[in-house]
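Contents: one structure, followed by commentary.
Since the structure is predicted, the reported quantities are computational estimates derived from the model, not experimental observations. We're numbering straight along the sequence, starting at 1.
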Amino acid sequence: MAGEFLSDVEAIRERARKHIEQGAVIEQYQGDPHQACDLLNTALASEIVCVLRYRHHYYMASGLHGESAAKEFLEHANDEQRHADRLAVRIKQLGGAPNLNPEGLQTRSVSQYAEGESLADMIREDLVAERVVIEVYGEMIRYFGFHDNTTRELLEELLQEEEQHAEEMSDLLFLVNPRTGEAEGVDPATRATERYISGSTLPAPKDLEKGKSPERKKVA
Ligand SMILES: [Fe+2]
Ligand SMILES: [Fe+2]
């Protein structure tokens, strides 16, 4: 019986009628909608940068494995665009506006637009960007926790796809350049990620946990 689980249904109905101009944001929303939109706009900018980077790689891929890599890049670009659209919809639901201003896009993004010179470079940059997004989405999921299930679930779905993207880039990198990193005994993706994070715009995880807007380091 619903009554055993729900609090006063009449009170819920009453509250739903109040402040209907706030759309999906109900009085009982546990989080801070402004903070949520700020974080989601960071994710949105990151997705758009990923769309642009993957599209650039799609057009520039060449060589023996160029065709198969280009196909993968295009699929990922389209996935990232879909992610961006889903984030924009959620931002609007929370009463915010998706920030699509090209000015400052790279600054708002945690992923970087790196063109790469060779096909292996391109794939490595894509893998690094995926790994950065995976870490940041993980932090955001912990931040949203139980106070915003819808946003948390959205980010969890995106995270699953980013992990799949990373795996595909990792496989592709091995196909294109199976010897990369072997001489040093270091996983090339790990090394590239460390290099990237040290000068990246990655928000400090502690700030996400405290619910503050991400403070970004200056890119070196
Ligand atoms: Fe994405
Ligand atoms: Fe991705």
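- Linking Ile, Leu, Val, Met, Phe, Trp and Tyr residues whenever their side-chain heavy atoms come within less than 4.5 Å leaves M169 and L64 in two separate clusters.
- Contact check for L158 versus V133: no side-chain heavy atoms found under the 4.5 Å cut-off.
- Within the 4.5 Å cutoff, the side chain of N177 has no heavy atoms near those of the I123 side chain.
- Here the side chains of L105 and R108 are in contact, with some heavy-atom distance below 4.5 Å.
- Looking at every heavy atom in both residues, S170 comes nearest to L127 through CA-CD2, 4.1 Å.
- The aromatic rings of H147 and F144 sit tilted relative to each other, their planes meeting at an angle between 30° and 60°.
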Next on the checklist: Before you tell me yes or no, could you show the steps for M140 and L154 under side-chain contact (heavy atoms from CB on, under 4.5 Å), namely the whole-Å CA-CA distance, both residues' side-chain angles and the distance that decides it to 0.1 Å?
Outcome noted: CA-CA 11 Å; M140 287 188 186; L154 165 63; over 6 Å; no
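- Under the rule for a side-chain hydrogen bond (donor to acceptor under 3.5 Å, both in side chains), the partners of N149 that lie at least two apart in sequence or sit in another chain are R152.
- At a threshold of 4.5 Å between non-hydrogen side-chain atoms, the residues M122 and L119 count as touching.
- The shortest heavy-atom contact between I134 and A166 is CD1-CB, 3.8 Å.
- Contacts of H56 classified as side chain to side chain contact (heavy atoms under 4.5 Å, CB included), with partners at least two apart in sequence or in another chain: M60, Y113, E115.
- Residues passing the side-chain hydrogen bond (donor to acceptor under 3.5 Å, both in side chains) test with E167: none are found, sequence neighbours excluded.
- Evaluation of the side-chain hydrogen bond (donor to acceptor under 3.5 Å, both in side chains) rule for E168 yields H76, Q164 as partners, not counting sequence neighbours.
- Criterion: ILVMFWY side-chain heavy atoms under 4.5 Å apart, direct or through other members. Under it, L159 and V89 are not part of a common hydrophobic cluster.
- Residues satisfying the side-chain hydrogen bond (donor to acceptor under 3.5 Å, both in side chains) criterion with N41, sequence neighbours excluded, are absent altogether.
- Side-chain contact, H165 with E80: a donor N or O sits under 3.5 Å from an acceptor N or O.
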Checklist entry - Passes side-chain contact (heavy atoms from CB on, under 4.5 Å), E75 versus Y54? Steps please. => result CA-CA 9 Å; E75 272 178 26; Y54 271 125; over 6 Å; no
Item to check | salt bridge (Lys or Arg N to Asp or Glu O under 4.0 Å) between R86 and E157, intermediate numbers included | outcome: CA-CA 11 Å; R86 294 186 67 189; E157 286 174 24; 2.7 Å; yes
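- In terms of modelled atom types and a separation under 3.5 Å, the side chain of S111 and the main chain of V49 share no donor-acceptor contact.
- A 6.0 Å sphere centred on OH of Y58 holds no more than 12 heavy atoms belonging to other residues, nucleotides or ligands.
- Remark: D85 engages Q81 in a side chain to side chain contact (heavy atoms under 4.5 Å, CB included) (not counting sequence neighbours).
- Expressed to the nearest 0.5 Å, how far NE2 of H83 lies from CG of N78 amounts to 11.0 Å.
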Next on the checklist: Set out, in order, the CA-CA distance, both residues' side-chain angles and the distance that settles side-chain contact (heavy atoms from CB on, under 4.5 Å) for L94 and T151, then state yes or no.
Outcome noted: CA-CA 10 Å; L94 289 170; T151 304; 4.0 Å; yes
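- For residues 96-107, the set of pairs meeting the salt bridge (charged side-chain N to carboxylate O under 4.0 Å, His left out) definition, not counting sequence neighbours, is empty.
- Hydrophobic clustering (ILVMFWY, side-chain heavy atoms < 4.5 Å, transitive): I91 and Y137 are in one cluster.
- Rounding to the nearest 0.5 Å places CD of E162 at 10.0 Å from CG of L155.
- Counting only residues at least two apart or in different chains, salt bridge (charged side-chain N to carboxylate O under 4.0 Å, His left out) contacts with residues 41-68 comprise R53-D126.
- Checked against salt bridge (charged side-chain N to carboxylate O under 4.0 Å, His left out), E161 has the following partners two or more places apart in sequence or in another chain: R82.
- In this structure a side-chain-to-backbone donor-acceptor pair under 3.5 Å is present from S46 to T42.
- Qualifying side chain to side chain contact (heavy atoms under 4.5 Å, CB included) partners for D121, counting only residues two or more places apart in sequence or in other chains: E117, S118, R124.
- Considering all non-hydrogen atoms of both residues, V51 and A77 come closest at CG2-O, 3.7 Å.
- When the side chain to side chain contact (heavy atoms under 4.5 Å, CB included) test is applied to S68, the partners found at least two apart in sequence or on another chain are H65.
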